[in-house]
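In what follows, chains are A, B, ... by sequence order, proteins preceding strands, each numbered from 1. Since the model is a prediction, treat every value here as computed from it, not as a measurement.
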Number of protein chains: 2
Amino acid sequence: MARILLVEDDISMGFLLVDFLESNGFDVKLYKDGKKGLEAFRKGKYDFCILDVMLPGMDGFTIAENIRQEDKKVPIIFLTARSMKQDKIKGFQLGVDDYITKPFDEDELLYRIKAILNRINLQEESSKEDITRFTIGSYQFDAANQNLEGNGFAKRLTQKECDVLKILCLSKNEIVKREDILIAIWGENDYFHGRSLDVFIAKLRKYLKEDESVSIENVPKVGFVLNG
Amino acid sequence: MARILLVEDDISMGFLLVDFLESNGFDVKLYKDGKKGLEAFRKGKYDFCILDVMLPGMDGFTIAENIRQEDKKVPIIFLTARSMKQDKIKGFQLGVDDYITKPFDEDELLYRIKAILNRINLQEESSKEDITRFTIGSYQFDAANQNLEGNGFAKRLTQKECDVLKILCLSKNEIVKREDILIAIWGENDYFHGRSLDVFIAKLRKYLKEDESVSIENVPKVGFVLNG
DNA sequence: CTTCTTTTAACATCGCCTTAACAACAGATA
DNA sequence: TATCTGTTGTTAAGGCGATGTTAAAAGAAG
């Protein structure tokens, strides 16, 4: 679970927050002093920081500044009794992600934390590239460019040809069910789409016939296997 | 620059925001009606959404729900006169990124937008933006000077001709999706902009026909490839 | 106004996908 | 074995949406 660094000098507020966040599945470390908080950040690995602005030792702005110097990404939320505009602007300029004025609603804080963490997770997910290049016997298949090339031979596939071949490639040497292909590409499994699929299989077989070690095998009433 | 979809029925508030955001370098589209706003989102590609909660036609929650169905990532901020806790929680559950109650401070809104965009942009790279000179077969294309020259031949390209050719050059020998070109140049993907693109492709083909090793290949229903 | 660029319109053309038609095949039944 | 039946293999035709192309209208800049 996500580790949160909380720096807050008000003891009752601090424990309240720790309780609340821990009961929501976060792993929270509480520090009451600015310098100690920053020190802890440098030593440990935190996914999230919640900083009070008014602190003994070192104020929230300074902590944020220091944190940003070594970590440009870790989300930071400020807690403040003040709702002064200048304070908020200063915070955002330091790369703070959100700003919450006391007294605040715990649930709202929770949702704001979740909103920011979600954004990070989505970002990481989308940076995973999907596989687009496959080797099929002596062929090279580039799904992104809809391009199939063998020795001397090169063919630009149509979108549907490409879709079908990609699905087969993703489960090479394994059975892919007719139904799964139909649902994935056409969104429905009926007689006519089934016949369309058969037409595309025939086309792909033609393209792939140069290398006789490659074949698209039919498993009657079940589906197809790309062997190679 | 970042494109913002703003849905706000209060006319004066709407224009105020548009003015303010545009003067801060954003490209803002304003819709006063919920349904129209959602429709616009589906057609164009937006980097950011700012939705009023109370709207005629379709309320902000419903818009957000629909937007989240097709785009899990685009940041959404709610504007609301109400500061009801239940409303806020509902919003965050829909995957909203922030929640701002009216009357709000424009600068604070701006910094909140920037905070969220910063988080997204941290991982993005913009290395391709600066390239301006390309070799296309026996042609030389200088995007900065909108100049295309072949043997003996030299042609000053118009802005849009240049934009289209540049995008194709940046992914030479690779498929560039129609949609991507339309979004990059026109900001939205609809029928008429699509036909405009086809017109520009025809023009570019004419300019490039001197070297027959160069071609702009159509990949039906997907996009184009600059071969050379 | 003129001049240049972009969009819209109109019509021609292309080619992908579906559908149809028939052949081949496998499995079931007797 | 032969026959029946449903599935798949294969090719071809046609519809229809997408694209190619040119010209006219609209827009922008001076």
For nucleotides 24-26 of chain D, which of its nitrogen or oxygen atoms have a protein nitrogen or oxygen under 3.5 Å away, and what is each distance?
none

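- Listed by residue number, the members of residues 161-171 of chain A with any heavy atom below 4.0 angstrom from DNA chain D form an empty set.
- Residue contacts for B:Thr158: at a heavy-atom cut-off of 4.0 Å it reaches the sugar-phosphate backbone alone, with no base atom in range.
- In the model, A:Gln146 has no side-chain atom that pairs as donor or acceptor with a side-chain atom of A:Asp142 under 3.5 Å.
- Between B:Gln159 and A:Phe200, it is B:Gln159 whose nearest contact on DNA chain C lies nearer the 5' terminus.
- Rounded to 10 degrees, the angle separating the terminal helix axes of the helix from C:dC1-D:dG30 to C:dA30-D:dT1, each built from five base pairs, is 40°.
- A salt bridge does not link B:Lys155 with B:Glu149: every distance from a Lys NZ or Arg NE/NH1/NH2 to an Asp or Glu carboxylate oxygen is 4.0 Å or more.
- Between A:Arg178 and A:Lys221, the closest side-chain pair of non-hydrogen atoms is not below 4.5 Å.
- A ring pair (Phe, Tyr, Trp, His ring centres under 6.0 Å) check over residues 136-164 of chain B, counting only residues at least two apart or in different chains, returns the pairs B:Phe134-B:Phe141.
- Salt-bridge annotation for B:Arg195 and B:Asp198: present, with a side-chain N of the basic residue lying under 4.0 Å from a carboxylate O of the acidic one.
- Atom-to-atom distance recorded for B:Ile216:CD1 and B:Ile201:CD1 is 5.0 Å, nearest 0.5 angstrom.
- B:Glu217 and B:Asn227 form a side-chain donor-acceptor contact under 3.5 Å, judged by distance and modelled atom types alone.
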Subject >> Worked check of side chain to side chain contact (heavy atoms under 4.5 Å, CB included) between A:Leu197 and A:Trp186 >> reply: CA-CA 10 Å; A:Leu197 172 56; A:Trp186 283 272; 4.3 Å; yes
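- B:Gln140 and B:Thr135 form a side-chain donor-acceptor contact under 3.5 Å, judged by distance and modelled atom types alone.
- If you walk DNA chain C from 5' to 3' and mark each nucleotide with an atom closer than 4.0 Å to a heavy atom of chain A, the marks span C:dC16 to C:dA21.
- Other residues, nucleotides and ligands place more than 12 heavy atoms under 6.0 Å from the CD atom of A:Glu70.
- Position along DNA chain C of the nearest nucleotide to A:Lys160 versus A:Phe192 favours A:Lys160 as the more 5'-ward residue.
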**OP:** Given side chain to side chain donor-acceptor pair (under 3.5 Å), test A:Glu161 with A:Tyr207 step by step and report yes or no.
**Re:** CA-CA 10 Å; A:Glu161 290 167 353; A:Tyr207 302 154; 2.8 Å; yes
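- To the nearest 0.5 Å, the span separating OH on B:Tyr191 from CG on B:Leu182 amounts to 13.0 Å.
- The pair B:Arg112-A:Asp98 counts as a salt bridge, with a side-chain nitrogen and a carboxylate oxygen less than 4.0 angstrom apart.
- Checked by atom type, the side-chain pair B:Tyr99/A:Glu108 shows no donor-acceptor distance below 3.5 Å.
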Original post:
Quick one: what's the B/S/- string for nucleotides 15-23 of chain D, heavy-atom cutoff under 4.0 Å, read 5' to 3'?
Top reply: ---SBBBB-
Subject >> side chain to side chain contact (heavy atoms under 4.5 Å, CB included) assessment of B:Glu106 paired with B:Leu16 >> reply: CA-CA 10 Å; B:Glu106 284 182 331; B:Leu16 203 74; 3.7 Å; yes
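- One interatomic measurement links the two molecules: NZ of A:Lys209 to C1' of D:dT10, which rounds to 12 Å at whole-angstrom precision.
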